[in-house]
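This report refers to the structure that appears directly beneath it.
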Amino acid sequence: MIRTITTVVFICMLVLSSFAQKGFTLNGIIVDQNNKGLPYVAVSIPAKNKGTSSNADGNFSLKVLDSDFKAIIEISSLGFKTKKNTVEAFLKKKTKSIVLF
């Protein structure tokens, strides 16, 4: 009986925790000074151990939780200066392109 109750409580906790972690996807493009897409640039949220890289055309997509809204995003690539900004600031931008110098 106790084992059955424990199992039911555990399953309920798993279900509830999956609903509590709502999020969204950040999409953008990373370009150089000439507006050419930069491939394989690291896009990460170090504090949350999340990251991805841009594809061959410079496009990236990163899933973020609602709780990451104030987190810092780092965009870095060898030979370019690292850019840092919050998820919130990125979402407020009209264009979703990030220029690396």
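What you see below is based on every heavy atom in this structure, not just the backbone, and it leaves out hydrogens, waters and symmetry mates.
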Residues 86-93, side-chain donor-acceptor partners within the protein, below 3.5 Å, at least two apart:
residue : atom : partner : partner atom : Å
T86     : OG1  : A89     : N            : 3.0
E88     : OE1  : K70     : NZ           : 2.8
E88     : OE2  : K92     : NZ           : 3.4
K93     : NZ   : S97     : O            : 2.7

Indicate yes or no: at least one non-hydrogen side-chain atom of N85 is less than 4.5 angstrom from one of I73.
-> no
At what distance, to the nearest 0.5 angstrom, does CG of N59 lie from OG of S53?
-> 11.5 Å
Is a side-chain donor or acceptor of S54 paired with a backbone partner of V41 at a separation under 3.5 angstrom?
-> yes
Worked check of side-chain contact (heavy atoms from CB on, under 4.5 Å) between I29 and D57 = CA-CA 8 Å; I29 184 168; D57 299 320; 5.7 Å; no
Transitive ILVMFWY side-chain link L26 to F69, under 4.5 Å | yes
Minimum heavy-atom distance between N27 and S61, given as atom pair plus value = OD1-OG, 3.0 Å
Heavy-atom check, side chain of F60 versus side chain of I98, under 4.5 Å | yes
Is it true that K48 and D68 have a side-chain N and a carboxylate O under 4.0 angstrom from each other?
-> yes
In Å, rounded to the nearest 0.5 Å, how long is the span from CD1 of I30 to NZ of K83?
-> 10.0 Å
Which pair of non-hydrogen atoms, one from G23 and one from D66, has the smallest distance, and what is that distance?
-> CA-OD1, 3.7 Å
To the nearest 0.5 Å, how far apart are CD1 in I75 and OG in S44?
-> 8.0 Å
Taking the side chain as C-beta and beyond, is there a heavy-atom pair between L100 and L38 under 4.5 Å?
-> yes
Given I45 and V64, is the side-chain contact (heavy atoms from CB on, under 4.5 Å) satisfied, shown in steps?
-> CA-CA 9 Å; I45 302 176; V64 219; 3.6 Å; yes
How about K50 and L65: do any of their side-chain heavy atoms sit closer than 4.5 Å?
-> yes
State, yes or no, whether a side-chain contact exists between V99 and D32 at a heavy-atom distance under 4.5 Å.
-> no
